[in-house]
Amino acid sequence: MLKKEIADFKRFKDILTIIFEEGFSFFLSNLKLRKHIPLKKQLKKKKIALTNEKRLRRVLERLGPTFVKFGQILSIRPDFVPKNYIKELEKLQNEVKPVAFSDIKRAVVRSTGKKIESTFKSFDEKPLASASIAQVHKAVLKTGEVVAVKVRRPGIKRVMRSDIEIMHFLAALAEKHNKGIRKYNPVSLVKEFSQWTGKELDFRNETENLQLFKENFKHSTSTMIPEVYPRLCTEEIIVMEFIDGIELSKVHKHTMNIKEALVNGFYSVLEQVFVHGLFHGDPHPSNIFVLPDDRVGFVDLGIVGRFDDELKNKATDLFIAITEGETERVVESLMDLGIVDEGIDVIGFKSKIREVIYPFTSSSIRNIKISRVLEEVWDTALDYGIRMPRDFVLMGKAIVTLEGVGLLYYPDFRFAEMTRPFLKRLLVKRYTPTKVLKGMFFSLFAMKKSLEKIPAQATRVLDKLEQGRIKIEMKDTDVERLSTNIDKSSNRVAYAMILAALLVSGSLVINLGEPFFAGLPVASLIIFGLASVISLFLLVSIFREGR
């Protein structure tokens, strides 16, 4: 049965065996998969004195590149994954054994359609970095530019596709059989991972991201985005400007003051998020370079977050509300941003949020770690059934990561203190006369479009009503009273229509015949008299019911 559902059944059994060996036999038993573990392995079962979080990290590392990448993606999703697991998953190492240069050379030739010597004056055989999806080599173009060449690992697309199929199968089983795991939507996580991986494996997406970031920071004196060479980039390789700097993860090996670079890096991320609405989705220390002039350079832009103007404004409002300690505004913003489960305990949610952001009202902002507060806000939202948009969570994680790195290398740095004035300046810019008028114009335009639709929509509804094709379902314990009220309302509508018709008719015949009383002819007097009687009848009826 399983062999029909899973293409690579041998890989499936290997995965189950590693899961078993790392102490997750209870998980396999729950999913009714333990029977696929060789008896020899089951008899040799050892007890592992590690936490579940550490064992999970070990499982992912042993399972290889696809699962390591999955763990890294999970580590930037605090809206799905408990905090204690995130801390452990952040330790996953991206460095893997390099691919042989002969394989890399073949990949470059296949991708460009040219011999490597035709494009590059020199090409270093030893990689600068080797990760789960790609490895990077330093090279020099025929025109003399020093570049970094990112090459997709040969065969990785097929391997990841097979592994993701197995992941999806296990996630579906877990969702079916394990109530505790179900609330974390494992199938949804694997589906999202599959989409992200598809984009990361196609380097044309990253090439486009690099070009967009370069345009956004073309006038920046503090942020460096490498120049990309589109004519040499394909689905499998990216050729970009070589950044002559030090990875943020390696600055501890050098005697240098990086305070200015940390300031630049933090403001760069804030600008990416709140100004451009396009930001690095995984700015961990290996993806950020410190340059000799204190600029910061960003690489590995396969995963990015995107904000439209609405999300940028909502994110700004939420952050200001948090730093001002305004509970009502924080709760309102979170519920406005997220997908809210039915029956949410709003009172309890407000109480917990008030507790979380209390430090901003009780002490100096200098002493507050914004990362801790943000993480607790995300956790609280998750606990109360509010799921934030993926890109919004990526933004929060980016800021949390950068503050963590900053405090690691410069403990006296105060990110919360820096964030508030930056966001307030953005708020002031949002309400300039030009932007306010522009917003009013678009609101009026949207209203105009909505009003234009009303006649057509009303016609469709009336047509359906006439044909008896509108079905209304209502729950009421007193149907008879409802029916009576509908009858009364219908009668009143009928009287009102007759009244309107009389008033119009009286006006139309006002010039027919000689004036009889008050300048009106007999016909008009009779019609207006009837209209007065009907009006009086309607008023008395409404007054009596109101009592």
Side-chain angles (χ1 to χ4, degrees), residues 7-8 11 61 63-70 72-73 92-165 193-211 213-214 225-243 247 282 286-287 289 298-304:
D8 192 345
R11 172 63 173 160
E61 286 173 340
L63 289 175
T66 309
F67 289 84
V68 168
K69 194 71 185 174
F70 185 57
Q72 291 169 339
I73 294 293
L92 283 166
Q93 296 300 307
N94 205 29
E95 289 289 330
V96 297
K97 185 179 178 181
V99 176
F101 180 68
S102 56
D103 293 332
I104 291 295
K105 189 174 181 179
R106 274 195 295 272
V108 173
V109 171
R110 181 177 63 250
S111 188
T112 61
K114 298 178 182 178
K115 288 184 178 181
I116 204 164
E117 297 81 9
S118 301
T119 308
F120 302 96
K121 187 185 292 184
S122 65
F123 199 108
D124 289 1
E125 293 191 16
K126 184 179 178 182
L128 294 168
S130 179
S132 54
I133 287 180
Q135 63 188 48
V136 182
H137 291 256
K138 187 177 180 180
V140 179
L141 294 176
K142 283 286 188 180
T143 48
E145 295 93 339
V146 182
V147 295
V149 185
K150 184 175 181 178
V151 185
R152 193 173 74 190
R153 295 174 75 89
I156 191 65
K157 194 172 183 178
R158 175 186 51 78
V159 170
M160 294 191 104
R161 189 185 294 122
S162 173
D163 281 353
I164 288 171
E165 179 194 33
F193 173 64
S194 178
Q195 291 169 346
W196 275 6
T197 303
K199 288 181 179 179
E200 273 202 278
L201 286 169
D202 187 345
F203 285 176
R204 289 170 296 189
N205 291 308
E206 186 172 350
T207 299
E208 183 182 342
N209 292 337
L210 280 162
Q211 290 173 297
F213 271 76
K214 186 70 177 177
I225 306 296
E227 187 78 44
V228 69
Y229 297 84
R231 64 184 178 82
L232 300 174
C233 298
T234 68
E235 183 184 342
E236 293 183 78
I237 69 169
I238 301 174
V239 180
M240 70 189 95
E241 179 183 359
F242 176 75
I243 297 181
E247 284 182 25
D282 186 22
S286 296
N287 291 336
F289 285 77
F298 289 87
V299 296
D300 199 3
L301 291 162
I303 296 177
V304 297

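We number each residue from 1, following the sequence as shown.
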Return the minimal non-hydrogen interatomic distance between [X] and [Y], and the atom names on each side.
X	Y	answer
S132	K69	OG-CD, 3.6 Å
V140	V147	N-CG2, 4.5 Å
F203	R152	CE1-N, 3.5 Å
V108	F123	CG2-CZ, 4.4 Å
C233	V239	SG-N, 3.4 Å
P98	S130	CA-OG, 3.3 Å

If you measure from [atom1] on [X] to [atom2] on [Y], what distance do you get to the nearest 0.5 Å?
X	Y	atom1	atom2	result
M160	I133	CE	CD1	4.5 Å
L201	W196	CG	CH2	14.0 Å
I238	D300	CD1	CG	8.5 Å
I243	F289	CD1	CZ	6.0 Å
I237	Y229	CD1	OH	13.5 Å
E241	E145	CD	CD	9.5 Å

Mark yes or no for whether [X], through its side chain, and [Y], through its backbone, hold a donor-acceptor pair below 3.5 Å.
X	Y	result
R153	Q135	no
Q211	V228	no
H137	V149	no
E235	D202	no
N205	K199	yes

Is there a side-chain contact between [X] and [Y] (heavy atoms, below 4.5 Å)?
X	Y	value
L210	I225	yes
F120	L141	yes
F67	L92	no

Quiz item: Would you find more than 12 non-hydrogen atoms of other residues, nucleotides or ligands less than 6.0 Å from K114 atom NZ?
Solution: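 Open.
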
Quiz item: Of all residues at least two apart in sequence or in a different chain, which pass the side chain to side chain donor-acceptor pair (under 3.5 Å) check with N209?
Solution: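 Residues passing side chain to side chain donor-acceptor pair (under 3.5 Å) with N209: R306.
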
Self-check item: Partners meeting side chain to side chain donor-acceptor pair (under 3.5 Å) with R110 (sequence neighbours left out)
Solution: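 R110 satisfies side chain to side chain donor-acceptor pair (under 3.5 Å) with E236 only.
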
Quiz item: Under a 4.0 Å N-O cut-off, is there an ion pair linking K105 with E117?
Solution: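 E117 and K105: salt-bridged.
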
Exercise. Starting from the C-alpha separation in whole Å, work towards a yes-or-no answer on side chain to side chain contact (heavy atoms under 4.5 Å, CB included) for I164 and T66.
Key: CA-CA 8 Å; I164 288 171; T66 309; 4.2 Å; yes

Quiz item: Does the side chain of R161 pick up a donor-acceptor pair with the side chain of T197 at under 3.5 Å?
Solution: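 T197 and R161 do not have a side-chain donor-acceptor pair below 3.5 Å.
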
Practice problem: Cation-pi check, K138 to F242: give yes when NZ or CZ is under 6.0 Å from the six-membered ring centre and within 45° of the ring axis, no otherwise. | Solution: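 The answer is yes, since K138 meets both limits relative to F242.
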
